[in-house]
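In this text, all values refer to a predicted model and were calculated from it rather than measured experimentally.
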Amino acid sequence: MTEYFISGIDTDIGKTIATGLMARYLFKQNQNIITQKIVQTGCQDTSDDILAHRQLMGCELFEEDLSGLTCPYLFKRPASPHLAARLEGKKIDTLTISRATHELKKRFKTILIEGAGGLQVPLNDDSTVLEYIRENHYPVILVTSSKLGSINHTLLSIEALKTRNIKLVGMVYNRYPQTDKLISDDSITQMHRFMIQCGYGGHIVEMGEMDLSRPDELDFSNFFNPV
């Protein structure tokens, strides 16, 4: 039974698409796979990100989606999780999220857990996404981008993982929207070099707009079946 935590260097960086495409990759291999969103803000009833995952996987909602196991916390206000919860008179209990994941582990071999925003996003006054990852010993897949400024955010995220002895399985480099190729090519080179310097494997999968029309061409084998 294996869980992977998918985080990003920022919000709106492509985590949901990347998570859905990775889930599709495993689902098409007939693996017993499900995704989970630890907390969703800015929607109600059903997690928009879970809906996107299932659409990318090419399947209907699971029973676990309908029961709330795949998204234990859902808030209407599009804000940081701790604030969105507070505005509804609630507080996020990380044990509630962990229990939901544990229940999913009884039913599925692999769980892809999508975070909220970046690594240092607060879940409550005592815990951030990063600390939640560390406490649960989850290996991480980091989603970054080719946007200007992403080198800084990416290297800081890698360093934060390294200082806490958190395993970085690999990165998804989101090339959408398309930017200056000279800059984006250099960015991915710098990120790869820093991953190696930090003792990580250096596995990077590039994701672009066209990959949504040909999703089965993406190869995530180095993430889930490392040589």
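Under 3.5 Å, the side chains of S184 and R175 contain a donor-acceptor pair of N or O atoms. For the residue pair S146 and S187, no side-chain donor N or O sits within less than 3.5 Å of a side-chain acceptor on the partner. For the residue pair E114/T35, the side-chain donor-acceptor check at 3.5 Å is not satisfied. One side chain, S98 or Y132, offers a donor N or O that lies under 3.5 Å from an acceptor on the other. Side chains of S47 and D49: a donor-acceptor N/O pair is absent below 3.5 angstrom, by distance only.
A heavy-atom distance below 4.5 Å is found between the side chains of I158 and M195. With contacts defined as side-chain heavy-atom distances shorter than 4.5 Å, the pair L104/E64 qualifies.
A donor-acceptor contact shorter than 3.5 Å is absent between the side chain of K76 and the backbone of C43.
Checked against the 6.0 Å centroid threshold, Y4 and F224 count as a close aromatic pair.
Contact detail for I9 and S145: the closest heavy-atom pair is CD1-N, 4.3 Å. Of all non-hydrogen atoms in K147 and T179, the two that sit nearest each other are CA-CG2, 4.5 Å.
Using a 4.0 Å cut-off between charged side-chain N and carboxylate O, E131 and R164 make a salt bridge. With respect to R99 and E103, no salt bridge is recorded, no charged nitrogen being found less than 4.0 Å from a carboxylate O.
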Going through the distances and angles, do E3 and K105 end up as a side-chain contact (heavy atoms from CB on, under 4.5 Å)?
-> CA-CA 8 Å; E3 306 98 76; K105 285 172 63 177; 3.5 Å; yes
